[in-house]
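What's counted below: heavy atoms across the whole structure, side chains too, no hydrogens, waters or symmetry copies.
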Amino acid sequence: MALRLYNTLTQQVEEFAPLRNNTAGIYTCGPTVYDYAHIGNFRTFTFYDLVRRWLRARGYVLDHVMNITDVEDKIIRNALAQKKKLDEYTAVYEKAFLDDSQLLRLERPERLARATEHIQEMAQAIQALTDKGFTYCSDGSIYFRIASFPDYGKLSHNDFSGMRAGARVDVDNYEKDDARDFVLWKAPKDGEPFWETPIGPGRPGWHIECSVMAIRYLGEIIDIHAGGVDLIFPHHENEIAQSVSLTGKPFVRHWLHAEFLLVDGQKMSKSLGNFYTLRDVLARGYAPEAVRYLLASVPYRKQLNFTFDGLKSAETAIERLRNFKARVDGEKFQPGTNEKFLERTAQSAHQFNSALDDDLNTAEALAAVFEYIREANIAMDSGEFRSENVDAARDLLERFDSIFDVLRPSAKRGSIPDEEIEALISKRVEAKKKRNFAESDRIRDQLAEQGIILEDTKDGTRWKRK
RNA sequence: GGCGCGGUAGCCAAGUGGUAAGGCUAAGGUCUGCAAAACCUUUAUUCGUCGGUUCGAUUCCGACCCGCGCCUCCA
């Protein structure tokens, strides 16, 4: 079965097929680097990562561009307050974003595109829109005239046809002809950074960067454009208006939107005090993989209520997966093949694939894996699992981990080295042989204090870091 | 008010016109020198409410109730 994805535009699940035979052109709305990204932002970014990984698993070559918005009102305000140059200010948060992404094992897109590095191209695009009659000027700023774009509202399924607000004043005190119109280019204001361009001095509005950079790197029609649901209106609606007006072609074939992460049943906000950055969560001692697992385990079109209980539950679930992997890798099985169980493994792999093909149903994919693990454990306990079943089990785990990527523990600082652990374990084995359980338990407790858990199996002692 | 998402066991959550996946938690048990890991058993006659269609609905239709989000800052 082919990969099927829900398309916000058509409100239907549609088969994915890229325009350029095997290459998927993807544009995702990235961070605005005015502050640390919070885990709600990372829910969406984790979703992008899953899209990437699953497309690759399905044989597509990725051509993925993500923007970094490094010029915008809040950035300018904060940079001014700290008396810093724009790029000096944004560099801190861009780095923080990339570091956090790495902790969450989010793959780097093929290209990261900074808004400030494409100002002249944006100016050109705005000029082109002006030449075609889609814009107007007001107080040195340039606006897009929504009245000139009849399809406005198609993505968000809003009907604006009856709505004709008169001239009004927006938050920036710029004059607009129509409430729906949005700014393409902002005239310079006192003390604020601006760029000299053929369309005059100023800085770009928010929406134009995505249209310009997407078209620049991916062509006029892109396969997938993704973001959070809050971007559907007005951001993506405005991107469509600009891009289609510019090229005369449909802009995007699949619009994908991730639902919100909630905290205490509400959208995260600083005023409610339910605002967590990744740093906040890790500072409480949770592993980054647990965050990744939690964010990935709830299908992206469903709101996800973040709780620390949920994180704990994610950690335990990961433990179970890792324990199983350790068993597959470390246990000695009787020689031979259990054909029936090979079939069972293939069935689980198929179930896993079908779940992800079905609009990235990660919950169902996980269920397939856990069900398999339970049955494999039973087969191992009863001796029905044979040495030649190991490879298939490993393949399944690898396929799982190529998407979820939680099996490898994150390095923890300050742990004792492996050799030291092994040495202590040998001492303990000796003590146990002599039935000196007091000594063997003492060693086990000593290791436990340092976060090392021992497991005695019929094939010897296995250990892991907690 | 318009648009969108959702209401399934203590918590998270999948799913189907034919009688409820999976994870976590809890209790009991098997295994173990004791643990750990693993396994077994138990936990929703029921899927927001009320109607309708149907031999049969959690799943389709209608109405209603509740939660969340967007409606020119926003993942």
Rounded to whole Å, CD of A/E371 lies from P of B/A20 at a distance of 15 Å

Identity of whatever pairs with B/U43 - Watson-Crick or G-U, under 3.5 angstrom: none

Using Watson-Crick or G-U wobble geometry with both distances below 3.5 Å, tell me the partner of B/A57, or none. none

If we take the P atom in both B/A21 and B/C61, what is their distance in whole Å? 24 Å

Is there a ring pair (Phe, Tyr, Trp, His ring centres under 6.0 Å) between A/F134 and A/Y136 once you walk through the steps? CA-CA 7 Å; A/F134 290 106; A/Y136 63 90; over 10 Å; no

Determine: side-chain N/O of A/S313 to OP1/OP2 of B/U25, distance under 4.0 Å, yes or no. no

Any strand is fair game: report the nucleotide pairing with B/U30 by Watson-Crick or G-U wobble, both distances under 3.5 Å, or none. B/A38

Using a strict threshold of under 4.0 Å (side-chain N to carboxylate O), is an ion pair present between A/R77 and A/D73? no

Separation of A/M380 atom CE from B/A37 atom C1', in whole Å? 12 Å

Find the distance A/N323:CG to B/A35:P and express it as a whole number of Å. 18 Å

Short side-chain N/O contact from A/K302 to OP1 or OP2 of B/A14, under 4.0 Å: yes

Rounded interatomic separation in angstrom, taking CZ from A/R327 and C1' from B/C31: 11 Å

How far, in whole Å, is B/C64 from B/A57 if one measures between their P atoms? 23 Å

Could you tell me how far apart A/L356 (CG) and B/G15 (P) are, to the nearest whole angstrom? 12 Å

Let's test this: given Watson-Crick or G-U wobble pairing with both distances under 3.5 Å, identify the partner of B/G1. B/C71

Under 4.0 Å between any heavy atoms, over every strand shown, what does A/R442 touch: base, sugar-phosphate, or nothing? Just pick one. nothing

Base-pairing mate for B/U49 - Watson-Crick or G-U, with both contacts under 3.5 Å: B/A63

What is the distance from CG of A/D309 to P of B/G10, rounded to the nearest Å? 15 Å

Residues A/R105 and A/D405 bridged, charged N to O under 4.0 Å: yes

